[in-house]
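Worksheet: the structure to be examined is printed underneath.
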Amino acid sequence: MINEKMFVNGSWVESCSQKRDEVKNPATDEKIGTIPSANREDASKAIEAANQAFRLWSKMTAYERSNIMYKAYEQLLIKKDEIAAIMTLEQGKPLSEAKNEVKMAAEYLKWYAEEAKRVYGDTLPSSHQNKRLMVIRQPIGVVAAITPWNFPASMITRKIAPALAAGCTVVVKPSELTPFTAVEIFKVLHKAGFPNGTINLVTGEGAIIGKEFLENQVVRKIAFTGSTRVGKYLYQNASEQVKKLSLELGGHAPFIVFADSDIDQAVNSFIISKYRNAGQTCICANRLYVEESIKEAFITNLVQKVKEMKTGDGFDEDIDIGPLIDKKAYEKVHSQVKDAVNKGGIILTGGHRYHVKGKKGYFYEPTIIENVDNTMDIYYEETFGPVAPIITFASEEEVIQKANDSLYGLAAYVFTKDLGRSYRMLEELEYGIIGINDPIPGVVQAPFGGWKESGIGREGGYYGMDSFLETKYASIDIY
Ligand SMILES: NC(=O)c1ccc[n+]([C@@H]2O[C@H](COP(=O)([O-])OP(=O)(O)OC[C@H]3O[C@@H](n4cnc5c(N)ncnc54)[C@H](O)[C@@H]3O)[C@@H](O)[C@H]2O)c1
Ligand SMILES: O=C[C@H](O)CS(=O)(=O)O
């Protein structure tokens, strides 16, 4: 059994309440350990620790901060396989995907170790002989980061790396479902030499800890990744103190395949986008739009390949699809499938819970449904599972209208060989991330974030620094 603690002010601690929550393996639905269940007092102590550490950390030079961040990057890579195993144990994704995620998490630390040294200001041409004008950018202060279970490593460093680089101190609240990955990351960060209080980890229920983040005036900013539902709650309540927010929320990506595309490449790319992490990523293809004239060829190719995919425990060799995170996730996915079928959808493969011998986890067959229309829940609701609804189209204008017909605006994908069409689609699609013939666009140097109800702000690249910095203008009379 794994029994870990929270990390506050440089020490591993229990909750003031002495309560602990169970953590389960999604493949077996069995307990793998326990973790402290923080109350508001724990969160307040962590916030105070970050507050006390802020002056020291923010007054260090960017180069001193950068050096510590770079050490954390190196240490995280050394621990990659060990942390990946913990991730697969508590999140379920195939081990190869978990290793890739830990590497990506480390890359955020490396990128922002460099970006720390590029927080520039400005001098402005003065309109007065006696005045000199300048602009500086300073760290916003104590940052509270709330992260989801589907990427339990990279969603942490995608927030705290720019925050730390900017000179902020942080309090992280990981998902209740995947706290052990966060603990492993904090062990690495602590070893890299962050001063006590600079980085803090509180584990437990979001509603409880989040309320302290919202109401404690020391917290200057909340960086959130999770569902649009919770994002809206935070947005509404942060207004009380005009607390700064960045929100990385839900998605419902259209994946558009034109007749002039390389069908085999488009099929292989769709499979990567749709079934990665068992379809539990915010930028997974959620709606497959296929041009009418290639529908049969595309579907035949796709169904054959999906039928060959292997579903099972993330630790097993050659597994393509691991378990869904829990029973609630399975119920949501299966309800969308049943609703679609009840309204005329036709299942071409899958459509049921997949039973793995000796494992009680909630696995789901990779599923393809055709004859989908906008009367079905799956057409508008984020699926977060390995289910692909197919919709056909006959023209660019039609598919642009259909693809943009969503409350979400995170990622969209277009497969075509026509350069002009690529540009027209790039400009017309109302999404923050566009993959043109690319199923996995996310890289650390690029801005990650959505339009409409997919969020506010960007994480990644130099774009990701802005929301952790305040701008200050000074006018100096020199006589
Ligand atoms: N846009 C992105 O970059 C991105 C990345 C990953 C996941 N997501 C989205 O996240 C969702 C899946 O993750 P999830 O199930 O963990 O989401 P979730 O919103 O249920 O939980 C996310 C985090 O918020 C916390 N939380 C829950 N209620 C809270 C409250 N009232 N106050 C404060 N915190 C609270 C949870 O404990 C967890 O740590 C999906 O919608 C997915 O699209 C978005
Ligand atoms: O859920 C999506 C995350 O932002 C990670 S990734 O960009 O899909 O790898």
Side-chain angles (χ1 to χ4, degrees), residues 6-10 38 42-60 62 65 68-69 72 105 108-109 111-113 115-116 119 137-148 154-175 182 185-186 189-190 194-203 206 209-226 230-231 234-235 237-238 240-248 448-449 455-460 462-471:
M6 303 187 294
F7 188 76
V8 177
N9 201 25
D42 295 305
S44 175
K45 284 182 177 178
I47 292 164
E48 184 51 26
N51 191 33
Q52 293 303 318
F54 176 67
R55 187 157 188 80
L56 171 69
W57 180 249
S58 61
K59 295 300 182 196
M60 290 170 84
R65 292 199 295 269
I68 294 172
M69 291 181 68
Y108 277 112
L109 288 166
W111 171 272
Y112 284 105
E115 204 61 20
V119 178
R137 300 167 79 207
Q138 294 178 299
I140 197 167
V142 171
V143 171
I146 303 173
T147 56
S154 59
M155 292 304 94
I156 290 178
T157 57
R158 199 171 80 178
K159 285 167 184 46
I160 68 173
L164 293 165
C168 299
T169 51
V170 298
V171 180
V172 174
K173 205 273 335 156
S175 171
I185 288 178
F186 269 71
L189 296 174
H190 182 41
F194 286 93
N196 291 348
T198 308
I199 54 165
N200 301 278
L201 175 69
V202 289
T203 55
I209 299 166
K211 205 154 176 58
E212 183 63 24
F213 288 169
L214 284 164
E215 296 179 3
N216 190 318
Q217 297 220 331
V218 170
V219 172
R220 293 291 178 80
K221 170 177 164 102
I222 296 176
F224 173 77
T225 294
V230 176
L234 294 171
Y235 199 23
N237 289 276
E240 276 303 303
Q241 297 175 12
V242 195
K243 201 172 292 257
K244 305 303 180 285
L245 276 182
S246 55
L247 300 174
E248 295 286 349
F448 193 105
I456 296 173
R458 292 296 183 272
E459 292 182 342
Y462 72 83
Y463 307 84
M465 289 291 285
D466 274 351
S467 65
F468 297 106
L469 292 164
E470 287 284 20
T471 299

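Values reported hereafter were calculated over all heavy atoms of this structure, with side chains retained and with hydrogens, waters and symmetry mates removed. When a residue number appears, it is its place in the shown sequence, counting from 1. Keep in mind it's a predicted model, so treat the numbers as computed, not measured.
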Report task. Output, in order, the C-alpha distance, side-chain angles, deciding distance and verdict of side-chain contact (heavy atoms from CB on, under 4.5 Å) for I160 and L189. Result -> CA-CA 11 Å; I160 68 173; L189 296 174; 3.6 Å; yes
**Report entry** Shortest non-hydrogen separation from T169 to N51 and the atoms involved
**Finding:** OG1-N, 4.5 Å
Report task. Check the surroundings of atom CZ in R458: do more than 12 heavy atoms from other residues, nucleotides or ligands lie under 6.0 Å from it? Result -> yes
Report task. List the steps and the verdict of side-chain contact (heavy atoms from CB on, under 4.5 Å) for L214 and L234. Result -> CA-CA 8 Å; L214 284 164; L234 294 171; 4.0 Å; yes
Query raised in the report: Do E248 and R158 have side-chain heavy atoms sitting under 4.5 Å apart?
Result: yes
Report summary line: Heavy atoms of Y112 and A165 approach each other most closely as O-CB, 3.3 Å
Report task. Indicate whether any N or O donor in one side chain lies under 3.5 Å from an N or O acceptor in the other, for S467 and K221. Result -> yes
**Report entry** Donor-acceptor side-chain pairing of K159 and T147 below 3.5 angstrom
**Finding:** no
Report summary line: Tightest non-hydrogen contact, residues P139 and G167, listed as CB-C, 3.6 Å
Requested in this report: Determine whether W57 and L164 make a side-chain contact, defined as any pair of heavy atoms from C-beta on separated by less than 4.5 Å.
Outcome: yes
**Report entry** M69 and F194: CA distance, side-chain angles, deciding distance, side-chain contact (heavy atoms from CB on, under 4.5 Å) verdict
**Finding:** CA-CA 8 Å; M69 291 181 68; F194 286 93; 4.0 Å; yes
Report summary line: For G460 and Y108 the tightest heavy-atom approach is CA-CE2, 4.2 Å
**Report entry** Side chain K243, main chain V219, donor-acceptor under 3.5 Å
**Finding:** yes
Query raised in the report: Can you check whether V170's main-chain N or O pairs, donor with acceptor, with N200's side chain at less than 3.5 Å?
Result: yes
Query raised in the report: For the residue pair A163 and V143, what are the closest heavy atoms and their distance?
Result: CB-CG2, 4.4 Å
**Report entry** Side-chain heavy atoms of V171 within contact of F213, under 4.5 Å
**Finding:** yes
Query raised in the report: What is the distance from atom OG1 of T198 to atom CZ of R65, rounded to the nearest 0.5 Å?
Result: 10.5 Å
Query raised in the report: How about R137 and D466: do any of their side-chain heavy atoms sit closer than 4.5 Å?
Result: yes
Report task. Taking E459 for its side chain and G449 for its backbone only, find out whether a donor-acceptor pair lies under 3.5 Å. Result -> no
Query - Any I68 side-chain heavy atom under 4.5 Å of M60 side chain - result: yes
Query raised in the report: Checking side-chain contact (heavy atoms from CB on, under 4.5 Å) for the pair L245/I456: CA distance, chi angles, key distance, verdict?
Result: CA-CA 8 Å; L245 276 182; I456 296 173; 5.9 Å; no
Query raised in the report: Hey, does R220 have a side-chain heavy atom less than 4.5 Å from the side chain of E470?
Result: no
